[in-house]
Chemist: 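After the structure tokens below, expect a handful of questions from me.
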Amino acid sequence: MPELVIANLFNPPVLFFLLGALAVTVRSDLDLPQPIPRLLSLYLLLAIGFKGGVVLRQSANEQALWALAIASALSAVMPLYMFWLLRRKLDQPNAAALAATYASVSAVTFITASAFLDQIGHGYSGFMVAGLALMEWPAIITGLFLARLGERPSQNAAGMSIAKLLHESLTNGSVLLLLGSLAIGLLAAPRAAETLKPFTEGIFYGALSLFLLDMGMVAARRADVLRRLGLSLVAFAIGLPLVNAAIGLIVARLISLTSGDALLFVVLCASASYIAAPAAMRHAVPEADPAIYVTLALGVTFPLNVTVGIPLYMSAIQSLW
Amino acid sequence: MPELVIANLFNPPVLFFLLGALAVTVRSDLDLPQPIPRLLSLYLLLAIGFKGGVVLRQSANEQALWALAIASALSAVMPLYMFWLLRRKLDQPNAAALAATYASVSAVTFITASAFLDQIGHGYSGFMVAGLALMEWPAIITGLFLARLGERPSQNAAGMSIAKLLHESLTNGSVLLLLGSLAIGLLAAPRAAETLKPFTEGIFYGALSLFLLDMGMVAARRADVLRRLGLSLVAFAIGLPLVNAAIGLIVARLISLTSGDALLFVVLCASASYIAAPAAMRHAVPEADPAIYVTLALGVTFPLNVTVGIPLYMSAIQSLW
Amino acid sequence: MPELVIANLFNPPVLFFLLGALAVTVRSDLDLPQPIPRLLSLYLLLAIGFKGGVVLRQSANEQALWALAIASALSAVMPLYMFWLLRRKLDQPNAAALAATYASVSAVTFITASAFLDQIGHGYSGFMVAGLALMEWPAIITGLFLARLGERPSQNAAGMSIAKLLHESLTNGSVLLLLGSLAIGLLAAPRAAETLKPFTEGIFYGALSLFLLDMGMVAARRADVLRRLGLSLVAFAIGLPLVNAAIGLIVARLISLTSGDALLFVVLCASASYIAAPAAMRHAVPEADPAIYVTLALGVTFPLNVTVGIPLYMSAIQSLW
Amino acid sequence: MRPIKRVEIITDSVEMTHVIRVLEQQGVSGYTLIDSVVGRGERGMRRGDDPSGAFQNSYLITTCEPEQIEALVAVIRPILQRRGGICLVTDSWWLRH
Amino acid sequence: MRPIKRVEIITDSVEMTHVIRVLEQQGVSGYTLIDSVVGRGERGMRRGDDPSGAFQNSYLITTCEPEQIEALVAVIRPILQRRGGICLVTDSWWLRH
Amino acid sequence: MRPIKRVEIITDSVEMTHVIRVLEQQGVSGYTLIDSVVGRGERGMRRGDDPSGAFQNSYLITTCEPEQIEALVAVIRPILQRRGGICLVTDSWWLRH
Ligand SMILES: Nc1ncnc2c1ncn2[C@@H]1O[C@H](COP(=O)(O)O)[C@@H](O)[C@H]1O
Ligand SMILES: Nc1ncnc2c1ncn2[C@@H]1O[C@H](COP(=O)(O)O)[C@@H](O)[C@H]1O
Ligand SMILES: Nc1ncnc2c1ncn2[C@@H]1O[C@H](COP(=O)(O)O)[C@@H](O)[C@H]1O
Ligand code: NA
Ligand code: NA
Ligand code: NA
């Protein structure tokens, strides 16, 4: 485990994340103004989707489809237990939004985990990218049901119908780009896939490093909001990913994923969405406060996962597989 | 022909174009805010110009110079027949601006065609990039003459002198960057050209894919303006490129271009400018409405060419050469 | 010497610099809107820092540490003689700010010089990147002392304490990113360094070319301010780099740098800062006019160094080493 | 030139699409939008730096006839109440072209 | 503080260089420009998303002395007539420094 | 709606952090910032194109109570005197939510 933590921490993308956090801490004027971060995140989604599609074409099999179906179902039920827990501290809309956020997934955490596997020379298959896409929205739908639980239909004037929400979450820019790139990777001729490699793979780690530099700054800037939110919510933001990772670990073992795929799956379970789910929640559950669900996902859970979470989950897998 | 269409459609850049159009159609919030598209288009012009210059240095010959002179002349006379046709539907300034737009050329269509040739493993020479630069402005000059035809000199207070227009179209950012990069590619030492390759060639298809993703969105967003313009103008925007492609085909055969160069030349004839010519027309013919000439070029002709035009022209060439 | 000038001028990044200057001169509308230049400059700092760190890890030795200490000291004392000279023409704050600017260093000039060495196939070691970071701020501190010389403490209400200034210059975005990337390069596992190569080295010359295209435009746009500043200041902006280069040459010889490292060191001495030093001076010496110190550094000294300075210094080194 | 009410609204980017829909229903003749501005208000600093856009503001300028303003204000107020942001109304003159 | 006319103009980016030339001829003391804003008006949606910049607006703020405003309006009007866009004039106070 | 002073300040980006600090000390309820605008004034053209940001302007909008304005102006004036830029104050109405 310690050597995995070190291997991860000496991974340049993670170091750049820490550099970004440092920059904010020492009040540097370092800044990546918009739309640079947007460009990098679109690039990362395109690249990971395309790569996943290319690999999926070669390696799709029945077991993978089963795994994806189970991942999807897991994302749909996970909000339930978290909602029940969170209701002790939060009102209904906020508990529902937070549960949805944590049951949904973070693409960049996934990408960092696959970079980690690359660094330690550990294989994994492409189909988990599809999992990334498929675990995004069931949690969102469940979250919306929870937010409306017990509500009279007439009240939700500000809210949205399920059909609208499904549309919203499937047409969310990141989801669409990821799914679209996956499909394009699946369809592309091998020769074409080869010519895209310098773009989708060559500069990938560099772009990830630059993006994580920015994410380090963004996460660190949320620190003062964190103080306002209080310790018990921060404890949730540390505890929930660990519990979710444990759930993911058990499921991965039951469906006999390889250890590389298991890590990616566990990371999906442990990660919290800070793009698609918050975007959907803001539309669909306007009563919930993004200062809570975005700040915890971005300011606590994301840093936790990319720095110590990934190697922790990997060492758990190594001792169980 | 069908297999060429499929080869082109399964070309990732074209698929990303369709993905962009899909994103607008399903009302996704996917967006590449400025200046990301600007960065990509500057990059593409720099890369195609530089590559063209490097190849030109190795392969310039008399036949190529002749071909370029003829291409240039063709661009100067093509507006005439289109103006005559378009006057049936449009007033003088709009007919002139549209004729100039369609006789001028689209760099990105050209780039997509060269990517298509790369994909099907078909060779072509570098000098057609010079054609891209040389076919841009003669059409613009002719267009201006047509716009002023029969006008008393005193009227054109709002207009521009030919010298000013020539200056305008040669110093247009895209034209200057393309010509400048071509010159730099010509001058650069072979060793230097080699060190630029990962930039100008390695990531080229990826950047093209990302740019076409945006172009797909831009083109699809013009759909409602298209409806307003009416069917006969849309018919023009479909018919003119086909006629121009046929003209290009005949000329290419007469001057015995190789089949790869012939495709690029035909694509130049068939494509409509949506950067340099519109920019010049807006300054020089302010009475013409960009909602007409930009929308038809961008919303109809460009999608037509990149999806079915390129393989169609190629199959025609394959059956004639 | 002439063949070195030509080798440098036919170096694509330098040609793109000239193309940018040309674009402004012919009043082209070519433009790289923000934050494109910002993205490129952040990228260049990250890449040069990381590469330097990786090389430093392999090649750090005692002599290098000595050289860095001397470089740092030199940057601290150089403002003194320049201040004494500049006081003949300028008031105290402006003379101090200008002296600090010219004793500090320009990262992009350094990068262009290392690209030049790559082009002519001349080796150099990584530790000079550390010099780039270490020569940045001593000059700034000295400059501030000079600006305050003879001032009663009560007057500097608008100014800053030394501690604040040191903080300011070490947390300047560019300095932090450069130092941080250097540290990450030092720490990164060799395997990780390898996976970043296509990003930090592959596309490096291309990104430098695009950035210098913009810098050419920025420098040329300052031409009208230059006219206002008058000839004697322009003479300073030409003369000081040459004197500083000569000083650097002597020092480099005394401490027996290799010829490649000597060029980089001389270029650091000859170059004037147009990012970190101006940024610090604006905060710390608000009475000084950035139209003077930025314009001379950016509009005269930078173009001079990248076009003829680098090959000039190299030929001097070749005849002395 | 004729008198007109200049209305400017700064609020959540996500809410702005809603604002625009409401303005169009009220029949405003046009509007201008700056997509992303930084701001501070009751909800603290909003930089637009997070990837979901949850902390991004947009800035909108529109105009309306003096007699229209009451109706406009009535539909804008509930949106700002729910989501925060500000709306300023200023007397101006419009250069009719 | 002294009274001043605050003038804001939103029109085609391509036309803005023309507007600025005309303002400088009128001797305005300065101006501020936002290069690219999104807008909707008589000519429909203008997002600035097309590569030629044909559908891009710019937003300019300037000031002029109250007695200057008539002359300014007279030169701005024909430009807006030809190309569209709006011009608003507001009474303000200028903090003289 | 209640009357309010709309204050807009355009000055050096580097000075803007100073301006904001001063505004917060005066207790303004909020502000909105556009980070980078192009401008021309006494110090010539400022495009924000140089890498140090020395020629970059920012544009800030804030509001204050009518009775607060004198105090605000008193603290803003010395900053603009030192560094240039403009400050306009306009009478507006605030849609209280
Ligand atoms: N007094 C004010 N002046 C200018 N902008 C304001 C003011 N108050 C709020 N804003 C803007 O409105 C946004 C949302 O405000 P709030 O909901 O109060 O946090 C802020 O981020 C600012 O951009
Ligand atoms: N009433 C309005 N309020 C604010 N901006 C407007 C208004 N009308 C037009 N505009 C702006 O002016 C641009 C050009 O207007 P038009 O020529 O009417 O299409 C639009 O795209 C908007 O940005
Ligand atoms: N009359 C004006 N109207 C609008 N903006 C102005 C005006 N004067 C100055 N500015 C802005 O303030 C900045 C600094 O002004 P100055 O210090 O006079 O150069 C300029 O670059 C403009 O952006
Ligand atoms: Na999760
Ligand atoms: Na054509
Ligand atoms: Na120096």
Side-chain angles (χ1 to χ4, degrees), chain A residues 3-4 6-40 43-44 47 112 114-122 197-214 216-217, chain C residues 33-47 49-51 53-54 57 164 166-204 206-207 275-276 278-280 282-283:
Chain A
E3 60 286 13
L4 283 178
I6 285 166
N8 186 50
L9 283 182
F10 282 17
N11 197 7
V14 176
L15 287 170
F16 278 103
F17 179 81
L18 296 174
L19 180 61
L22 175 75
V24 170
T25 311
V26 301
R27 296 168 174 280
S28 166
D29 62 353
L30 185 62
D31 189 26
L32 271 80
Q34 286 294 358
I36 298 175
R38 182 83 68 94
L39 169 62
L40 294 169
Y43 162 78
L44 291 174
T112 311
S114 62
F116 169 76
L117 289 173
D118 289 341
Q119 291 303 338
I120 63 169
H122 204 110
K197 255 194 175 169
F199 185 74
T200 54
E201 307 195 6
I203 60 172
F204 188 76
Y205 292 95
L208 179 61
S209 297
L210 202 50
F211 184 67
L212 284 181
L213 176 72
D214 182 62
M217 291 190 272
Chain C
Q34 286 293 358
I36 298 175
R38 183 83 68 95
L39 170 62
L40 294 170
S41 93
L42 292 173
Y43 162 77
L44 291 174
L45 291 168
L46 188 157
F50 186 82
K51 272 196 291 187
V54 169
R57 183 192 181 123
K164 244 183 155 175
L166 198 64
H167 175 263
E168 186 80 18
S169 52
L170 280 174
T171 63
N172 171 281
S174 325
V175 177
L176 193 78
L177 182 56
L178 184 69
L179 282 174
S181 304
L182 190 81
I184 292 172
L186 263 170
L187 293 173
R191 186 195 190 108
E194 208 54 42
T195 58
L196 272 173
K197 256 193 175 168
F199 185 73
T200 54
E201 307 194 7
I203 61 172
F204 188 76
I275 306 186
R282 282 169 74 217
H283 279 108

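Chain identifiers are assigned alphabetically (A, B, ...) following the order of the sequence lines, protein sequences preceding nucleic acid strands; residue numbering begins at 1 within each chain. Below, each value reflects all heavy atoms present in this structure, side chains not excepted, and no hydrogens, waters or symmetry copies.
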Chemist: Under a 4.5 Å heavy-atom cutoff, which of C/Leu176, C/Thr200, C/Ile203, C/Val175 has the most pairs with chain A?
Modeler: C/Leu176
Chemist: Find the one option among C/Ala189, C/Ala47, C/Ser181 whose heavy-atom pairs under 4.5 Å with chain A are most numerous.
Modeler: C/Ser181
Chemist: Hey, what do you get for CG (C/Leu196) to CD (C/Glu201), rounding to the nearest 0.5 Å?
Modeler: 10.0 Å
Chemist: Ignoring hydrogens and angles, tell me if any N or O in the side chain of C/Arg57 forms a donor-acceptor pair with the backbone of C/Ala188 under 3.5 Å.
Modeler: yes
Chemist: Under 4.5 Å from any heavy atom of chain C, what part of A/Gln34 do you find: side chain, backbone, both or neither?
Modeler: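 It is the backbone, since no side chain atom gets that close.
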Chemist: With chain C, which of A/Ser28, A/Ser209, A/Pro12 has the greatest number of heavy-atom pairs at distances under 4.5 Å?
Modeler: A/Ser28
Chemist: C/Phe204 ring centre to C/Lys51 NZ or CZ under 6.0 Å, with the angle to the axis within 45°?
Modeler: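 Yes, cation above the ring, under 6.0 Å and within 45°.
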Chemist: Of the backbone (N, CA, C, O) and the side chain (C-beta and beyond), which part of A/Pro35 lies under 4.5 Å from a heavy atom of chain C, both, or neither?
Modeler: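 For A/Pro35, backbone and side chain are both near chain C.
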Chemist: Less than 4.5 Å to any heavy atom of chain A: does that hold for the side chain of C/Leu39, its backbone, both, or neither?
Modeler: both
Chemist: If I measure from the heavy atoms of chain C, does A/Leu9 come under 4.5 Å with its side chain, its backbone, both, or neither?
Modeler: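 It is neither, since no heavy atom gets under 4.5 Å.
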Chemist: Begin with the C-alpha distance, continue with both residues' side-chain angles, and end with the deciding distance and a verdict on side chain to side chain contact (heavy atoms under 4.5 Å, CB included) for A/Asp214 and A/Phe16.
Modeler: CA-CA 9 Å; A/Asp214 182 62; A/Phe16 278 103; over 6 Å; no
Chemist: Mind checking whether C/Phe50 and C/Phe199 have ring centres under 6.0 Å apart?
Modeler: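 Ring-ring flag for C/Phe50/C/Phe199: false, centres at least 6.0 Å apart.
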Chemist: Starting at CG of C/Leu177, measure out to CG of A/Leu213 and round the result to the nearest 0.5 Å.
Modeler: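 Separation between the atoms: 6.0 Å.
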